[in-house]
Amino acid sequence: VQFAGFSNHVGGESEGVLFAGFANTYARGRGLQFAGFSNFAREKVSGAQFAGFLNRAADVDGFQFAGFSNIGNNVHGSQFAGFVNSAKSITGSQFAGFANNSRKQAHGSQFAGFINKAGDVKGSQFAGFINIAKRVTGTQMAGFINIADSSDNPIGIINIIRTGEKGLGITIDDNATSLLTFRSGGRNLYGIIGAGYNLQTITNKLYALEAGLGVHFSIVNSFRINTEITTVALHDFRDTDFFKSSLKVLPALKLTRSIELFGGPAFNWVQTSSFRGRELQKNYLHEWSGRNDFFDGIYIGYTGGVQFFF
């Protein structure tokens, strides 16, 4: 065991424990290294590195914990960083407040507040904003966008999958809300984003925005059932609002390789705080009012449309 107020320097292998107020530097490490600022290993670390700011090792068989960043080539274990983790390849998991980067491959999972980037992923990616990978065996979950060569189960509003589907759709529902939508995803899961306006209110337009997630259930080559969970917000940017969250079951028929017709029932939950918002839907299975004249209602409606794949 070595204790230093400022730094420990080992020319060869450190087998045991290093404690330093600022930094530990060594060739190889077997055991634990604790530093107020950084741990720097020129070769392999078997054990764990704990640093207030930075851990750096050629190869890691164990764990890296850093307040800011962990850097390694081949990591067998996990990296935990307040800001960014970087590895050539990792067998284990990466957890970062901002970004994870596995330049070649990741056998495990990546968790980041903003972005994950990897080559091939045998596991999953979870990011607050964006995931980027080549081939993904598992799930990609991002707050906004997933990008991959192949990924069957991306969960995000936009999913740019080279081997997946991308389509522009035109939809209309029982409230006469018309939308131009972009659906994108993999073989099983896809994301939805759209914009439009309500046709009931031509003289005083209500503009619409939609976002959601969907699942494909294939029946035969040209027929499938798409199940979607979406939220549509209608607003005139003055005093009218209308929010509708829906569970939709949409049988879909492919007329050609690039054209699909779809339509079906939707179970809807409506929320509005304006009189014009209440007028958009007359009949409810159940309705109730809350504070500040906020109105809630549930009813069964429908949605239909056409989609063009590219």
Side-chain angles (χ1 to χ4, degrees), residues 126 128-129 139 141-145 153-159 167 169-185 188-217 224-252 261-307:
F126 303 88
F129 186 76
T139 299
M141 180 179 291
F144 186 65
I145 185 170
N153 301 298
I155 301 174
I157 301 302
I158 296 176
N159 305 284
I170 300 171
T171 68
I172 190 166
D173 66 9
D174 52 275
N175 299 127
T177 299
S178 60
L179 294 162
L180 177 65
T181 60
F182 177 62
R183 288 172 169 82
S184 58
N188 301 321
L189 304 179
Y190 60 97
I192 307 157
I193 187 169
Y197 60 89
N198 185 267
L199 297 177
Q200 284 191 42
T201 55
I202 294 295
T203 58
N204 191 7
K205 291 182 180 179
L206 287 175
Y207 297 93
L209 290 175
E210 181 184 46
L213 301 172
V215 183
H216 297 302
F217 295 98
R224 63 187 179 182
I225 296 176
N226 299 325
T227 301
E228 298 180 352
I229 297 175
T230 62
T231 295
V232 174
L234 299 177
H235 213 287
D236 62 358
F237 301 104
R238 291 194 299 273
D239 57 359
T240 302
D241 58 54
F242 184 86
F243 302 94
K244 183 170 72 172
S245 299
S246 305
L247 172 61
K248 306 172 186 177
V249 180
L250 305 175
L261 295 177
F262 61 89
F267 183 80
N268 304 298
W269 173 25
V270 167
Q271 292 181 305
T272 182
S273 61
S274 65
F275 176 77
R276 288 185 62 219
R278 294 191 187 193
E279 291 297 305
L280 289 176
Q281 175 63 35
K282 302 291 187 181
N283 301 313
Y284 293 92
L285 297 176
H286 181 68
E287 58 186 76
W288 64 99
S289 297
R291 296 179 180 178
N292 301 321
D293 295 327
F294 213 84
F295 173 83
D296 292 81
I298 56 176
Y299 76 98
I300 297 176
Y302 58 87
T303 297
V306 59
Q307 184 161 228

How many angstroms lie between [atom1] in [X] and [atom2] in [Y], if you round to the nearest 0.5 Å?
X      : Y      : atom1 : atom2 : result
Ile158 : Phe182 : CD1   : CZ    : 6.5 Å
Glu287 : Arg278 : CD    : CZ    : 8.0 Å
Phe262 : Lys248 : CZ    : NZ    : 8.0 Å
Ser289 : Asp296 : OG    : CG    : 8.0 Å
Ser184 : Ile192 : OG    : CD1   : 9.5 Å
Glu210 : Leu180 : CD    : CG    : 11.0 Å

So which heavy atom on [X] is nearest to which on [Y], and how close?
X      : Y      : answer
Ile300 : Asn268 : C-ND2, 4.2 Å
Ala208 : Val232 : CB-CG1, 4.3 Å
Thr231 : Ser245 : OG1-OG, 3.3 Å
Ala211 : Ile157 : CB-CD1, 4.1 Å
Gly264 : Pro251 : CA-CD, 4.2 Å
Asn226 : Ala252 : ND2-CB, 3.6 Å

Next on the checklist: If we count only N and O atoms by modelled type, under 3.5 Å, do the side chains of Asn188 and His216 hold a donor and an acceptor together?
Outcome noted: no

Checklist entry - Does the side chain of Asp241 pick up a donor-acceptor pair with the side chain of Thr272 at under 3.5 Å? => result yes

Checklist entry - Passes side-chain contact (heavy atoms from CB on, under 4.5 Å), Phe242 versus Thr177? Steps please. => result CA-CA 11 Å; Phe242 184 86; Thr177 299; over 6 Å; no

Item to check | Other residues, nucleotides, ligands: >12 heavy atoms within 6.0 Å of Leu261 CG | outcome: yes

Next on the checklist: The test is side-chain contact (heavy atoms from CB on, under 4.5 Å); show your working for Lys244 and Gln281 and say whether it passes.
Outcome noted: CA-CA 11 Å; Lys244 183 170 72 172; Gln281 175 63 35; over 6 Å; no

Item to check | Geometric class of the Tyr197/Tyr207 ring pair [parallel <30°, tilted 30-60°, perpendicular >60°] | outcome: perpendicular

Checklist entry - How are the rings of Tyr284 and Phe295 set to each other: parallel, tilted or perpendicular (split at 30° and 60°)? => result perpendicular

Checklist entry - Sub-3.5 Å donor-acceptor pair from the side chain of Asp174 to the main-chain atoms of Tyr302, do we have one? => result yes

Item to check | Heavy-atom donor-acceptor pair, Asn198 side chain to Leu206 backbone, under 3.5 Å | outcome: no

Checklist entry - Between Thr303 and Asp173, is a side-chain hydrogen bond (donor to acceptor under 3.5 Å, both in side chains) present by the stated rule, with each step listed? => result CA-CA 4 Å; Thr303 297; Asp173 66 9; 5.3 Å; no

State, with a plain yes or no, whether a side-chain heavy atom of [X] is found less than 4.5 Å away from one of [Y].
X      : Y      : result
Asn153 : Thr139 : yes
Thr227 : Leu247 : yes
Tyr299 : Val270 : yes

Checklist entry - Given Val249 and Ile225, is the side-chain contact (heavy atoms from CB on, under 4.5 Å) satisfied, shown in steps? => result CA-CA 7 Å; Val249 180; Ile225 296 176; 3.8 Å; yes

Item to check | Derivation and outcome, side-chain contact (heavy atoms from CB on, under 4.5 Å), residues Leu199 and Ile172 | outcome: CA-CA 9 Å; Leu199 297 177; Ile172 190 166; 3.9 Å; yes

